[in-house]
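The structure appears right after this line, and notes come after that.
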Amino acid sequence: MSERFDSYDESAAVAADCCVEQGNRTERRNGAFGNGVCVNTDQIYDSCKDRDCIRDQRVYFTNSGQEVIERAINTKIKAAEVIWVYTAVEPVPFNRGYYTVDMKFFIRVTVEAFRGVSCPTEVEGLVTYDKKVILYGSEGNVKIFESTLYDCCENVADIWQKNNLPKAVVEVVDPIALSAKLVTKDDCCECDCGCNNHFLAIPENICSCFDDELYTADDGKLVLVSLGLFSIVRLERPVQLLVDATDFCIPCKECPTATENNPCELFNTIRFPFDEFFPPRKAHEDCDCGCSCNCGCD
């Protein structure tokens, strides 16, 4: 009897909140939201999308991972994921309003090393990739200072002259692992595959993603991987816009919870994963067989 009473009180409280919120919403629409609302947001001035095929890029393993590679006779790339992308925005000389966006991708790859007929050993390494694009970001002569933008410990001398530049935003999906090959330093020199490049200093927060120090010497065996990378780059500036608004973004759904005594309550609210059991077919608009057979085309 007590459980029913508690459940009834909770439902009544939710219903009462809905009634109060409905009344407040009506007042806001007639009052504060009767006219346009000024909002501060980031406007996209220019953007581009690109696909990059990263060919024969060296993988820098940890010291323990390099020991595994030295004993390997073959390698296979298993997975790749982007750890971070560092960006730098600089104005283009003699082209007012245009900026170069220099990007440095840090990608963690998982490689399987084969040492004969035994099971392969998985090792992780780091791949770096540099990319540059030119986009239009308009001109802004005002300097923007925000209370939460900079830390007092940062180097102000390197910041105060650049805080009127547009903001670069990079969107990227995890790379597609294409191939990996095991070579020696002599093979690399013969094929001119780019492993003679000097290794740049890696930021400490990137190195902390690995459980050991990265091996950067050029002696011994090397692993070169090829990756497929899809990215979108855009330049944004903060602007103030007058927009039509109807109400605040107040959540209307109760937060689902589960207790230790009854964990099935949360499970019962999850939609049944039909797509996992029955993978969706190809879209009808993509099906152009031109036949009259029963192949799923309307």
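Keep in mind it's a predicted model, so treat the numbers as computed, not measured.
Note that OG of Ser47 is 9.0 Å distant from CG of Leu235, once rounded to the nearest 0.5 Å. Annotation: the span from Leu135 atom CG to Cys48 atom SG amounts to 4.5 Å, rounded to 0.5 Å. Rounding to the nearest 0.5 angstrom, the gap separating the CG atom in Leu224 from the CD1 atom in Ile77 is 11.0 Å. In this structure, Glu112 CD and Lys78 NZ are separated by 5.5 Å, a value rounded to the nearest 0.5 Å. Here OG1 of Thr41 is found 10.0 Å from CD of Gln240. Values are rounded to the nearest 0.5 Å. The line from OG1 of Thr216 to CG of Leu126 is 11.5 Å long, rounded to the nearest 0.5 Å.
Here the closest heavy-atom approach between residue Tyr136 and residue Gly97 is recorded as CD1-O, 3.2 Å. The heavy-atom pair separating Thr75 from Ala113 by the smallest distance is CG2-CA, 4.4 Å. The two residues Asn74 and Leu182 make their nearest non-hydrogen contact at N-CD2, 4.0 Å. Taking every heavy atom of both residues into account, Gly220 and Glu70 meet most closely at CA-OE2, 3.3 Å. The two atoms that bring Lys221 and Gln66 nearest to each other are O-NE2, 2.9 Å, heavy atoms only. Ile54 approaches Ile107 most closely through the heavy-atom pair CD1-CD1, 4.3 Å.
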- request: Step by step, work out the side chain to side chain contact (heavy atoms under 4.5 Å, CB included) result for Asp56 and Ser226.
  value: CA-CA 5 Å; Asp56 296 337; Ser226 296; 3.8 Å; yes

- prompt: So Ile83 and Phe210, side chain to side chain contact (heavy atoms under 4.5 Å, CB included) or not? Walk me through it.
  reply: CA-CA 11 Å; Ile83 297 177; Phe210 300 89; 4.2 Å; yes

message: side chain to side chain contact (heavy atoms under 4.5 Å, CB included) for Glu124 and Thr62? Distances and angles first, verdict last.
response: CA-CA 7 Å; Glu124 292 184 345; Thr62 60; over 6 Å; no

task: In sequence, state the C-alpha distance, the side-chain angles, and the governing distance for Gln57 and Leu227, and then conclude on side chain to side chain contact (heavy atoms under 4.5 Å, CB included).
output: CA-CA 8 Å; Gln57 201 74 8; Leu227 305 171; over 6 Å; no

task: For Glu81 and Arg108, run salt bridge (charged side-chain N to carboxylate O under 4.0 Å, His left out): C-alpha distance rounded to whole Å, both residues' side-chain angles, the deciding distance at 0.1 Å, then the answer.
output: CA-CA 5 Å; Glu81 58 181 341; Arg108 181 171 62 182; 2.6 Å; yes

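Arg237 places a side-chain N or O within donor-acceptor distance of the main-chain N or O of Asn164, the cut-off being under 3.5 Å. Between the Asp275 side chain and the Pro273 main chain, no donor and acceptor come within less than 3.5 Å of each other. Checked by atom type and distance alone, the side chain of Arg51 never pairs as donor or acceptor with a backbone atom of Gly228 at under 3.5 Å. Side chain of Ser231 to main chain of Glu171: no donor-acceptor pair is present (N/O by atom type, distance under 3.5 Å, no hydrogens or angles).
Side-chain contact between Tyr99 and Pro166: present, with at least one pair of heavy atoms (C-beta onward) separated by less than 4.5 Å. In this structure, Cys209 and Trp84 have side chains that are not in contact, with every pair of non-hydrogen atoms separated by 4.5 Å or more. With a 4.5 Å cut-off on side-chain heavy atoms, Asp42 and Val239 do not count as touching.
By the rule that hydrophobic residues join a cluster once side-chain heavy atoms approach within less than 4.5 Å of another member, Ile206 and Tyr215 end up as members of separate clusters. Linking Ile, Leu, Val, Met, Phe, Trp and Tyr residues whenever their side-chain heavy atoms come within less than 4.5 Å leaves Val173 and Val109 in two separate clusters. When hydrophobic clusters are built by joining Ile, Leu, Val, Met, Phe, Trp and Tyr residues whose side-chain heavy atoms come closer than 4.5 Å, directly or via intermediates, Phe114 is not grouped with Phe61. Val127 and Met103 fall within the same hydrophobic cluster, where Ile, Leu, Val, Met, Phe, Trp and Tyr residues are linked whenever their side-chain heavy atoms come under 4.5 Å apart, directly or through other members. If you chain together hydrophobic residues whose side chains sit under 4.5 Å apart, Val133 and Ile44 never meet in one group.
Residue Asp52 forms a side chain to side chain contact (heavy atoms under 4.5 Å, CB included) with just one option from Phe105, Tyr129, Phe230, and that option is Tyr129.
Environment of NZ in Lys76: sparse, with no more than 12 heavy atoms of neighbouring residues, nucleotides or ligands closer than 6.0 Å. Taking a 6.0 Å sphere around CZ of Phe278, one finds it holds 12 or fewer heavy atoms contributed by other residues, nucleotides or ligands. For CG of Asn63, the number of neighbouring non-hydrogen atoms (other residues, nucleotides, ligands) closer than 6.0 Å is greater than 12.
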